[in-house]
Protein chains: 2
Amino acid sequence: MSDTGSDAADAAARGTTAVEVVRTLPEASVARLPVYLRVLSELALAGRTVVSSDALAALAGVGPAQVRRDLAPLGPRGTRGVGYDVVALRDRLQDVLGLTHEWPVVIVGAGNLGQALAGYAGFADRGFRVAALVDVDPLLVGSSVAGLVVDPAERLEDAVLRSGASIAVVATPPGSAQAVCDRLVAAGVRSILNFAPVLLVVPAHVEVRDVDLSVELALLAFHEQRRAADLPLDLPVREGRA
Amino acid sequence: MSDTGSDAADAAARGTTAVEVVRTLPEASVARLPVYLRVLSELALAGRTVVSSDALAALAGVGPAQVRRDLAPLGPRGTRGVGYDVVALRDRLQDVLGLTHEWPVVIVGAGNLGQALAGYAGFADRGFRVAALVDVDPLLVGSSVAGLVVDPAERLEDAVLRSGASIAVVATPPGSAQAVCDRLVAAGVRSILNFAPVLLVVPAHVEVRDVDLSVELALLAFHEQRRAADLPLDLPVREGRA
DNA sequence: TACTGTGAACTAATTCACAGCT
DNA sequence: AGCTGTGAATTAGTTCACAGTA
């Protein structure tokens, strides 16, 4: 590569300056980073200072090669022969995932699920602050849930603007989810965690993640049924005509 | 294909008998089947009798080619030039997913989340019956949630055996999840939907599906952060030494 | 020695594009 | 004409196996 290298690469080769290189992170890896983060937080709390890809893999429930593939592009490379620095890696993950500052979140729907989410400790731990909890039901509005007063539905836009929330949770019945979603998007929300079993239609710049609990159970039922019949993933199919 | 075909294929060619053929269903397709089922159920309810892969794709939020790939192995093939028979396809999906009979489910943990799950209509709709709701907290035990009396933790095994549940939901704090899981498995549970943010260690014949709500939010935060900075999935990484 | 980082091989999943029915 | 079903091409993801390094 002689003299075809970039200025930056040359500088690095000369050992003078650190270089900014851009590494791409596969989406599949991104999806596992929060899990590593959780494990590393626990390890750090337990006083562990280094961890090998093998150990981390075991704790995260994946293969060691995968851990290395996932982490290598992040930069704070582990030390060969030793492992990864627990705290440095944890901090890097927090940084990459954007969990270094607080994220205000608006939850729409204060039914059972909305209330459960509002009180979920795992959110606060990771920097997600429930800025508002909104519902249409006059019986719920004004009541106190997890230290929050439930706001009436009219205040939805208000809550989003006031809190500056760019993330919202939809925990309404399926029938009202799309309308709520539209209002959230109009108010400036760009990321939605949707618990309603419907496809939310949103503009391209808005991201929706669906959590459909009955889908999860259905998948368990499928595999359960397979296991009971001792079949693999194959289906007997009637082919041809009588 | 002349005379190289199998006996079964010959029979089919002669048009005498239907043939049992085994088609393999990719795991990724399986994960989408419950979504198709939901859409088809809605369409059937709305009186729609046929649906094209294009229409179904739009409603399910995937591409039309993917719909066809996913459904083709199931057998009740659509009619070329027309589309899929809504009711026939819905029934076939229910059958394949094992949702033709009731599945008793035991929920462990009657906190906010456990209560929300116990009352979740989407479960009952799909044939999941909450057979028992169990908790350690003496304040909750005996109280009534969604028409169910909360059972004490000691009754866990009892509840599993009595109901014959092979599916359970773990909605306990992370600290007690593994112990609960062990007891469930010992009692005969083979599929677990886990809401606790920990890796459950189970024997090979047991399947666990994790739903980690803070992971979902973290992924939204990641993309949100990217979008704000207008970066793609790339990371600037400091490479080389000073 | 004991570990990471990564090219290379492999496997899975998606998308294209069109043949084949109805 | 209008659709499905599917080979073929493409892309993404995983795993292997080992070179490189502290």
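Here is how names work: the chains are called A, B, and so on, in the same order as the sequence lines, proteins then strands, and each is numbered from 1.
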Asks: Would you tell me if any nitrogen or oxygen in the side chain of A:Y84 comes within less than 4.0 Å of OP1 or OP2 on C:dA2?
Replies: no

Asks: B:D85 has an atom CG; how far is it from atom P of D:dT4, in whole Å?
Replies: 13 Å

Asks: Assess the side chains of B:H223 and A:E27: does a donor N or O sit below 3.5 Å from an acceptor N or O?
Replies: yes

Asks: Please report, rounded to the nearest Å, how far the P atom of C:dT14 is from the CG atom of B:L71.
Replies: 13 Å

Asks: Check whether any side-chain N or O of A:R68 sits under 3.5 Å from a backbone N or O of A:S53 as a donor-acceptor pair, and report yes or no.
Replies: no

Asks: List the residues meeting side chain to side chain donor-acceptor pair (under 3.5 Å) with B:N194, not counting sequence neighbours, and say none if there are none.
Replies: B:D210

Asks: For the residue pair A:W103 and A:H101, categorise the inter-ring angle as parallel (less than 30°), tilted (30 to 60°) or perpendicular (more than 60°).
Replies: tilted

Asks: Treating B:R77 as the side-chain partner and B:G75 as the backbone partner, does any N or O pair qualify as donor plus acceptor under 3.5 Å?
Replies: yes

Asks: Between the side chains of A:R190 and A:E207, is the shortest nitrogen-to-carboxylate-oxygen separation below 4.0 Å, so that they form an ion pair?
Replies: no

Asks: Given 3.5 Å as the limit, does a donor-acceptor pair link the side chain of B:Q178 with the main chain of B:V201, or not?
Replies: yes

Asks: Please collect all salt bridge (Lys or Arg N to Asp or Glu O under 4.0 Å) contacts where either partner lies in residues 38-61 of chain A, sequence neighbours excluded, each pair once.
Replies: A:R38-B:D212

Asks: Taking protein heavy atoms under 4.0 Å as touching, what does nucleotides 9-14 of chain D look like 5' to 3' if B marks base contact, S marks sugar-phosphate-only contact and - marks none?
Replies: ----SS

Asks: State whether a side-chain donor-acceptor pair under 3.5 Å links A:D70 with A:Q66.
Replies: no

Asks: Show me the pairs that pass salt bridge (Lys or Arg N to Asp or Glu O under 4.0 Å) and involve residues 97-108 of chain A, at least two apart or across chains.
Replies: A:E102-A:R129

Asks: Between protein and nucleotides 17-22 of chain D, map the contacts as a letter string: B base, S sugar-phosphate only, - none, heavy atoms under 4.0 Å, written 5' to 3'.
Replies: B-BBBB

Asks: So which of residues 45-64 of chain B are in contact with DNA chain D, with a heavy-atom cut-off of under 4.0 Å?
Replies: B:S52, B:S53

